[in-house]
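Residue numbers start from 1 in every chain, and the chains themselves are labelled A, B, ... in the order their sequence lines are given, proteins ahead of strands. The shown structure was predicted, so the numbers you read here are calculated from the model rather than taken from an experiment.
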There are 2 protein chains.
Amino acid sequence: MKRYYRIGEVASRTGCSPESIRHYEKLGLLAPPQRGEQGYRFYDQAALERIGFIRHGRSLGLDLHSIQELLALSDTPDTDCTAADDIASRHLEHLEERIAALQALAGELRQVVHQCRGGKAANCQIIQTLYDHQPTCTERGCGEVTA
Amino acid sequence: MKRYYRIGEVASRTGCSPESIRHYEKLGLLAPPQRGEQGYRFYDQAALERIGFIRHGRSLGLDLHSIQELLALSDTPDTDCTAADDIASRHLEHLEERIAALQALAGELRQVVHQCRGGKAANCQIIQTLYDHQPTCTERGCGEVTA
DNA sequence: CCTAAACCCTGTAATCGTTACAGGGTCAAG
DNA sequence: CTTGACCCTGTAACGATTACAGGGTTTAGG
């Protein structure tokens, strides 16, 4: 006796909004579920776990494409899973670079913060610093840290 | 004898693509520049510095909205510049939160990486971990760290 | 002089993941 | 029988940037 859940209940159980669930389906991360007579989606326990998988991956910062690759591996249990390790390692590397970049930014920012207590904009050290361009890197396409 | 630059030269001097420059203009960060007879944009030195300002701000991770506020302050030199300090402090705080979140993620990821050397996907520790959902936070809208 | 490359213009759509609509249907409790 | 809580689809928004399409201009070389 399988239990079935409508999308709203899945949402509250997984912490994943109905919109996202439909979105994952559209992207092919989730197979189209069964539908009730009125067209309502019905999910079983396996689908719940798959959504949990996606959610956990997202909470680790993985992008949906990587998660899709991991799910594909999981769907073919006989495959060599080195690819999974590659994805995770690559992401970890990526995270570490991101962290280093953000720390550099924070350091640079700490040097200017609280430099202009109560002054006028004309003398503001923060604004001055921004005009003095020795940006960390002037190369095209460099330094746009998503933060 | 003012020198004028076409958008492409501004781009190579500032490290900011022509598309971005036009984008900043559309958003109101840059005043519409003079135009030549064929409609080409022509920029003077002040515009170059303003773009450098924006670029430096972006390289620090500030969003365009904050940069616009800073530019507005800079444009009214008599204003009190506490607001600039607020923007910078707020952003620094934001960065530090981001860093902490990413470090938590990296830590979690380091625990699973290299756990499945050469195995089959069915036993892969990484995939298993993703199915075992104790996501850091199951609250709706929590844990979506942009990374 | 002519042509090809390199530049400029505008406007629109893509990226990523999520959210927020609009406009409509279904169902249960009051 | 109406209100509210669901569900459906499709589209647009967010932020910043890039990539087109479709057209015009300048510049350098042959």
Side-chain angles (χ1 to χ4, degrees), chain A residues 4-30 32-43 51 54-69 91 94 98 135 139-147, chain B residues 4-30 32-43 51 54-69 91 94 98 101 105 135 139-147:
Chain A
Y4 285 95
Y5 309 90
R6 294 198 308 191
I7 200 169
E9 193 168 0
V10 177
S12 55
R13 281 172 188 262
T14 59
C16 183
S17 75
E19 294 87 353
S20 294
I21 296 173
R22 288 191 282 254
H23 187 51
Y24 299 156
E25 177 183 334
K26 202 178 304 178
L27 294 188
L29 295 171
L30 296 175
Q34 295 189 294
R35 301 275 190 145
E37 296 187 355
Q38 279 71 36
Y40 290 9
R41 290 172 176 81
F42 282 96
Y43 296 90
I51 293 171
I54 298 173
R55 225 49 201 164
H56 196 180
R58 286 292 297 136
S59 84
L60 286 171
L62 289 164
D63 58 28
L64 291 179
H65 181 74
S66 300
I67 293 173
Q68 188 157 29
E69 290 179 15
H91 182 56
H94 186 234
R98 207 27 129 247
E139 293 296 315
R140 174 82 159 276
C142 176
E144 40 0 285
V145 178
T146 315
Chain B
Y4 284 94
Y5 309 90
R6 294 199 307 192
I7 200 169
E9 193 168 359
V10 177
S12 54
R13 280 172 187 264
T14 59
C16 182
S17 75
E19 293 87 353
S20 293
I21 296 173
R22 287 190 283 255
H23 187 53
Y24 298 157
E25 177 184 335
K26 202 178 302 178
L27 294 187
L29 295 172
L30 297 175
Q34 294 189 296
R35 299 277 190 144
E37 295 187 355
Q38 279 68 35
Y40 289 8
R41 290 171 177 82
F42 282 96
Y43 296 91
I51 292 171
I54 298 172
R55 224 51 200 162
H56 196 179
R58 285 292 297 136
S59 84
L60 286 172
L62 289 163
D63 59 28
L64 291 179
H65 181 75
S66 300
I67 293 173
Q68 188 158 28
E69 291 179 16
H91 182 56
H94 187 235
R98 206 33 125 241
L105 264 46
E139 292 297 313
R140 173 82 159 275
C142 177
E144 44 354 290
V145 176
T146 315

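Between the CD atom of B:E37 and the C1' atom of C:dC7 there is a distance of 17 Å, given to the nearest Å. B:I21 has its CD1 atom 14 Å from the C1' atom of C:dC7, to the nearest Å. In this structure, the CD atom of B:E25 is 17 Å from the C1' atom of D:dA16, given to the nearest Å. Across the protein-nucleic acid pair, A:I67 atom CD1 and C:dT18 atom C1' stand 13 Å apart, rounded to whole Å. In this structure, the CD atom of A:E9 is 11 Å from the P atom of D:dC6, given to the nearest Å.
Looking at B:R58, its side chain does come within 3.5 Å of a backbone N or O of B:L62 through a donor-acceptor pair. Looking only at distances, a side-chain donor or acceptor of A:H91 sits under 3.5 Å from a matching main-chain atom of A:L60.
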So which protein nitrogen or oxygen atoms get under 3.5 Å of nucleotides 13-16 of chain C's nitrogens or oxygens?
none

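A sub-4.0 Å separation between OP1 or OP2 of D:dC6 and a side-chain N or O of A:R41 is absent. For C:dT18, one of the phosphate oxygens OP1 or OP2 lies less than 4.0 angstrom from a side-chain nitrogen or oxygen of A:Y24.
Side-chain contact between B:P33 and B:E25: present, with at least one pair of heavy atoms (C-beta onward) separated by less than 4.5 Å. The closest side-chain heavy-atom distance from A:Y40 to A:I7 is not below 4.5 Å. Taking 4.5 Å as the limit, some side-chain heavy atom of B:R35 sits within range of a side-chain heavy atom of B:R41.
For B:S20, the listed nucleotide lying nearest its side chain is D:dT17; candidates were D:dT17, C:dC9, C:dT18.
Atoms CD1 and CG, from B:I67 and B:L29 in turn, are 7.5 Å apart once rounded to the nearest 0.5 Å. With rounding to the nearest 0.5 Å, the separation of CD1 in A:I21 from CG in A:L30 is 7.5 Å.
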Discussion item. Strictly under 4.0 angstrom, non-hydrogen atoms only: write out the protein contact profile of nucleotides 19-27 of chain D, one letter per nucleotide from the 5' end, B, S or -.
Written reply: -----BSS-
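B:F42 comes within 4.0 angstrom of nothing in the nucleic acid, heavy atoms only.
Around atom CD of B:E9, more than 12 heavy atoms belonging to other residues, nucleotides or ligands sit under 6.0 Å away.
Nearest-nucleotide assignment on DNA chain D puts the 5′-proximal partner with A:R35, out of B:H65 and A:R35. Where B:H23 and A:I7 meet DNA chain D, the nucleotide closest to each residue was compared, and A:I7 sits on the side nearer the 5' end. Mapping B:G8 and A:L62 onto DNA chain C by nearest heavy atom places B:G8 closer to the 5' end of the strand.
Using a 3.5 Å distance cut-off with no hydrogens or angles, the side chains of A:H65 and A:E69 do pair a donor with an acceptor.
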